[in-house]
Amino acid sequence: MLAYVIRRIFVSIPILIGSTILVFIMVKFSGDPLEGLKMRNPPPPRQTILNEEHRLRLDKPVWEQYWLWLKGLVLHGDFGPSVHGNINIGHELGDRLFVTLRLVVLSVLIALIFAVITGVVSAVKQYSATDYSFTFLGFLFLAMPSFWFAILLKSAGIAYNQATGTEAFFTIGEKSVLLTDDSGWGQFKDIAGHMVLPTISLALISYAAWSRFQRASMLEVLNSDYVRLARAKGLRSRQVLVRHALRTALIPLTTVTALDIAALLGGAVITEMVFQWHGLGDYLLRSIRDHDAYAMMGWLLVSAIIVIVFNLIADLLYSVLDPRIRYE
Amino acid sequence: MHTGKRLAGAVVAAGVSLLVVSACGSGGSSNNGKTVSSSFADCATKPNTCNSGDTKSGGTFTFTIEKTIDNWNQNDGDGNTQDFGEVLDGVLPSVFNGQPDLGPALNTDLVTSAQQTSANPQTIVYKINPKAVWDDGTPVTADDFVYAWKTQNGKDCKDCNAASTSGYDQMKSVTGSDNGKTVTVVYDTPFTDWKQPFGPLYPAHIAQQHGDLAASWKWFGENPVNYSAGPYKISDYQKDVSVTEVPNPKWWGKKPSLDKLVFRIITDQNQEVPALQNNEVQAIYPQPNQDLVNQVKALAPNVQYTLGKGLTWEHLDLNLKNKFLADKTLRQAVFTAVNRQAIIDKTVGQFAPGIKPLNNHNFMPGQAGYKDTVTASGAGNGDIEKAKKLLTDAGYKGVGTALTTAAGEPVTMRISYTIGNTLRQASAELFQNEMQQLGIKVTITPIQSLGKTLSAGDFDAIIYAWVGTPFPFAGAVQIWTEAGGSDYGHWSNPQADALTKQAASESDLKKATDLLNQADQMLSNDYYSLPLFQKPTFLAVYSQFANIRDNATNVGPAYNDGEWGLRASAK
């Protein structure tokens with residue numbers, strides 16, 4: 001197993017390098033990072049533009065720019081210069097990964113719990129009103145564009161605040177800038193009030209797909225021979241469901257979840273934008289807008305590593321959950 | 001049992017529907033044609049005093065800005081954004097501030113006078129207010145002026161990434177006298193916009209603690225501003241989220257009435273109205289569009305708004321390197337066929353009825369030097385028949401069907417605009433339609449990078465914007481003269497170049513204005529750049545706050561944030 005993991009990690013390195021080369025070239029040809037500066041009125045002095053071109057290594061050939069980036073990253077952990085001279089891309093990515101994690105972890109947990117419950121209930125009560133209701137909701141949330149759903153949630157939160165005359169829900173940020181009640185309870189309420197809407201927004205997107213997976217997987221297991229045998233042996237229905245059926249039916253969802261978490265960590269782009277959370281997704285948007293090549297490279301690297309790691313985790317979980325699979 | 005399950009399903013579905021309905025309901029009413037609501041009713045006639053009122057002490061006011069703060073030195077190329085400028089309006093002082101009427105006004109809290117005492121050599125004497133001190137008690141002195149000059153003149157500090165050297169690079173000397181309370185600036189060559197330099201000032205005594213010019217410049221950029229010589233000082237900064245300001249205890253002017261002033265950063269414009277509606281912010285100042293204006297209208301009467309005319313102005317430029325457009329008659333016909341009012345009606349006019357075609361390249365309506373140089377040239381009125389006649393008289397064939405030169409070469413061109421800019425896309429489509437009526441086949445070309453396209457000269461016709469300023473002379477040299485650096489369409493007129501340069505080097509403002517308008521007339525008569533319209537500005541504020549008003553100059557609405565406050569009549 002360990003040998004397998006090490007082999008997978010080594011195989012990932014050329015993939016990572018290849019993807020960075022590709023993105024670097026695309027970014028380089030997508031726009032001028034100093035465009036905003038050059039288009040000012042009155043235009044900045046020539047010396048300022050020359051200084052910036054030198055700092056951003058734009059006075060060097062593209063291949064050399066890439067090589068310097070790679071060398072700096074490998075030897076010094078330096079992600080390269082940002083368009084904004086005071087920003088350290090490495091620190092920025094670290095801080096923002098933490099913000100995104102806070103958002104993603106809770107929403108994934110909520111989505112998982114509800115997906116498993118509704119998936120199992122739907123499968124057990126197949127073709128009942130409950131199954132139809134959950135199916136309807138699942139497809140509704142699947143079909144809804146996430147930005148639109150996020151805006152709906154905001155409007156509902158605002159409507160609730162106005163109807164009750166409270167400040168229960170907030171539409172921007174992770175916490176209030178100025179707290180009127182800075183007791184422990186007050187802080188908890190404030191953070192919760194900021195987290196509810198984005199968490200629901202993000203959770204429902206994952207929930208919709210995962211509940212359908214869980215339902216299908218559960219149905220398949222419930223109709224398998226060994227479950228029938230367990231029932232025939234006279235085991236209690238609850239025991240059959242939880243111990244025999246559910247454990248097996250969780251395998252596909254586990255791997256799908258691992259892969260989806262990787263995508264979410266890369267940036268819950270829309271949720272972060274709508275709710276103004278400054279996570280990795282927000283950083284990607286900002287880097288694209290500013291033509292911040294090295295910031296985009298940093299984001300890509302972090303996302304690619306997350307995807308590779310979670311792919312590996314998904315594969316390893318297979319072997320843990322299903323004794324028939326063994327990696328050599 | 002089954003009924004119960006169905007009921008549960010129905011309740012869930014109904015809940016979702018309710019969400020949908022509540023969201024749709026917040027969309028607002030249709031545009032009723034107004035450009036202001038009652039608090040701002042007199043802004044058109046009294047831009048500098050509208051929405052005034054007595055205030056009472058206390059309260060917090062949150063103003064929205066749209067850009068993160070990436071550099072704390074506003075004079076640095078990276079920190080020189082309007083949004084950050086607004087944060088500093090009440091913290092770091094400038095000698096002159098742009099006012100809502102677009103004119104510069106002397107900041108008498110900082111200097112009691114600023115006068116030109118000699119025309120040759122041009123000499124300006126500033127008398128610093130004796131009460132003016134930094135919040136650590138150090139007086140504001142000529143040293144602060146000298147520091148601004150040396151870091152931004154492009155000579156003493158090559159590593160200072162100044163956003164502009166305009167004016168500073170023409171100064172021969174900046175000297176202090178009268179115990180540092182009088183500053184005398186002598187210019188090498190006269191600088192018409194002499195009211196532009198010295199803002200915002202950074203404290204020289206703090207710079208001294210952080211190394212030489214370049215090192216201190218960098219230090220100012222890297223560290224949040226924890227010094228002040230304005231009504232407010234920064235008390236808290238949350239990265240990418242907010243800047244909180246409190247009254248500066250050492251402020252010698254009129255005390256601000258607010259307890260706290262917060263600048264909240266919202267980087268996605270679409271999220272500003274919900275935040276306003278939820279009272280998380282009390283004012284927004286976004287680039288308006290029809291949806292946004294309608295959403296804010298639905299928040300009346302709690303929220304008041306005003307649509308003003310901004311200093312950002314759209315224009316249509318032609319590339320004179322294009323073999324067809326090198327011919328002045330063709331350019332004249334093209335501009336004659338363009339209907340600017342139609343472009344306005346189809347774009348900004350839908351939510352900002354007061355917008356009219358712009359008729360000058362350097363001055364905006366309301367500014368002292370504004371003069372119509374366009375109408376007489378016949379450009380921009382959509383006169384297709386006149387345009388056709390011009391082409392026919394010049395020997396073009398296929399006028400109105402498939403235009404060719406006298407030699408039989410089909411006339412085609414591209415019109416470029418930045419991809420995703422719907423306003424310019426609509427303008428380009430109208431242009432294409434108008435040219436089709438002349439028989440010119442126009443291909444609409446969305447571009448990724450405006451800067452690259454302009455620098456490479458890779459366009460035939462292009463729509464983009466310049467930002468006007470209360471100090472237009474130095475900028476005019478850079479934009480309109482052949483060697484200025486921004487003459488992307490390769491317009492060359494030595495006479496106009498000479499007039500523009502002379503206008504920027506005058507010690508007599510009236511004469512300079514006349515000279516620049518003469519050059520502007522030549523620019524119009526050469527049919528190279530057609531001003532289209534000023535983009536509207538949009539300010540929306542909760543009605544219980546007084547003294548906040550639109551200011552389209554680079555200082556923005558926060559130019560007077562020391563006066564902002566809760567209305568005395570507010571509950």
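Computation of the quantities below employed the complete heavy-atom set of this structure, encompassing side-chain atoms and omitting hydrogens, waters and symmetry-equivalent molecules. So you know, we letter chains A, B, ... as the sequences are listed, proteins then strands, and number each from 1.
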Q: Which bit of R55(A) is near chain B, if near means a heavy-atom gap under 4.5 Å: side chain, backbone, both or neither?
A: neither
Q: Could you tell me whether F114(A) atom CZ has more than 12 heavy atoms of other residues or ligands within 6.0 Å of it?
A: no
Q: Using heavy-atom distances under 4.5 Å, tell me whether F471(B) contacts chain A through its side chain, its backbone, both, or neither.
A: neither
Q: As an exercise: rank G221(B), P472(B), G79(B) by heavy-atom pairs under 4.5 Å with chain A and give me the winner.
A: G221(B)
Q: For T267(B), is it the side chain, the backbone, both or neither that has a heavy atom under 4.5 Å from a heavy atom of chain A?
A: both
Q: Answer yes or no: are there more than 12 heavy-atom neighbours, outside Q448(B) itself, under 6.0 Å from its atom CD?
A: no
Q: Please indicate whether K218(B) has more than 12 foreign heavy atoms, meaning atoms of other residues, nucleotides or ligands, lying under 6.0 Å from its NZ.
A: no
Q: For each of I49(A), L285(A), D32(A), V274(A), tally heavy-atom pairs with chain B at distances under 4.5 Å, and name the one with the top tally.
A: V274(A)
Q: If you look at every heavy atom in P45(A) and A162(B), which pair is closest and at what distance?
A: CD-O, 3.3 Å
Q: Any side-chain heavy-atom pair from E35(A) and L450(B) closer than 4.5 angstrom?
A: yes
Q: Please classify the contact of T165(B) with chain A as side chain, backbone, both or neither, using a heavy-atom distance under 4.5 Å.
A: both
Q: Treating T48(A) as the side-chain partner and A163(B) as the backbone partner, does any N or O pair qualify as donor plus acceptor under 3.5 Å?
A: no
Q: Is F169(A) in contact with chain B via its backbone, its side chain, both, or neither, using a 4.5 Å heavy-atom distance?
A: backbone
Q: For I87(A), is it the side chain, the backbone, both or neither that has a heavy atom under 4.5 Å from a heavy atom of chain B?
A: side chain
Q: Look up atom CG in N270(B) and atom CD1 in I151(A), then write down how far apart they are to the nearest 0.5 Å.
A: 7.0 Å
Q: Looking at side-chain heavy atoms only, is the closest gap between T60(B) and L178(A) below 4.5 Å?
A: yes
Q: Against chain A, work out which of I266(B), V477(B), N71(B) has the most heavy-atom pairs shorter than 4.5 Å and name it.
A: I266(B)
Q: Looking at F170(A) and E280(B), what are the two nearest heavy atoms and their distance?
A: CB-OE1, 3.5 Å
Q: Indicate yes or no: does D70(B) engage R286(A) in a salt bridge with an N to O separation below 4.0 Å.
A: yes
Q: Kindly indicate, with the supporting measurements, whether the criterion side-chain contact (heavy atoms from CB on, under 4.5 Å) is fulfilled by H278(A) and K239(B).
A: CA-CA 9 Å; H278(A) 302 292; K239(B) 186 173 175 296; over 6 Å; no
Q: With only heavy atoms counted, which part of N161(A) is less than 4.5 Å from chain B, the side chain, the backbone, both or neither?
A: side chain
Q: Under a 4.5 Å heavy-atom cutoff, which of K158(B), Q152(B), K260(B) has the most pairs with chain A?
A: K158(B)
Q: Which region of Y168(B), side chain (C-beta onward) or backbone (N, CA, C, O), has a non-hydrogen atom less than 4.5 Å from a non-hydrogen atom of chain A, or is it both or neither?
A: neither
Q: Does K67(B) NZ have over 12 foreign heavy atoms under 6.0 Å away?
A: no
Q: Roughly how far, to the nearest 0.5 Å, is OG1 of T171(A) from CG of N278(B)?
A: 5.0 Å
Q: Can you name the closest pair of heavy atoms from M273(A) and Q271(B) and give their distance?
A: O-CG, 3.7 Å
Q: Is Q162(A) in contact with chain B via its backbone, its side chain, both, or neither, using a 4.5 Å heavy-atom distance?
A: side chain
Q: Keeping D78(B) on the side-chain end and N86(A) on the backbone end, is there a donor-acceptor pair under 3.5 Å?
A: no
Q: When rounded to the nearest 0.5 angstrom, what distance separates NZ in K38(A) from OG in S455(B)?
A: 5.5 Å
Q: Above 12 or not: heavy atoms from other molecules or residues under 6.0 Å from CD of E167(A)?
A: no
Q: Restricting to non-hydrogen atoms, name the atom on I172(A) and the atom on R264(B) that form the minimum distance, rounded to 0.1 Å.
A: O-NH2, 3.7 Å
Q: Identify which part of E222(B) has an atom lying under 4.5 Å from any heavy atom of chain A, answering side chain, backbone, both or neither.
A: both
Q: Please state whether the side chain, the backbone, both or neither of D169(B) comes within less than 4.5 Å of a heavy atom of chain A.
A: neither
Q: Does the side chain of Q276(A) reach to within under 4.5 Å of the side chain of D240(B), using non-hydrogen atoms?
A: no
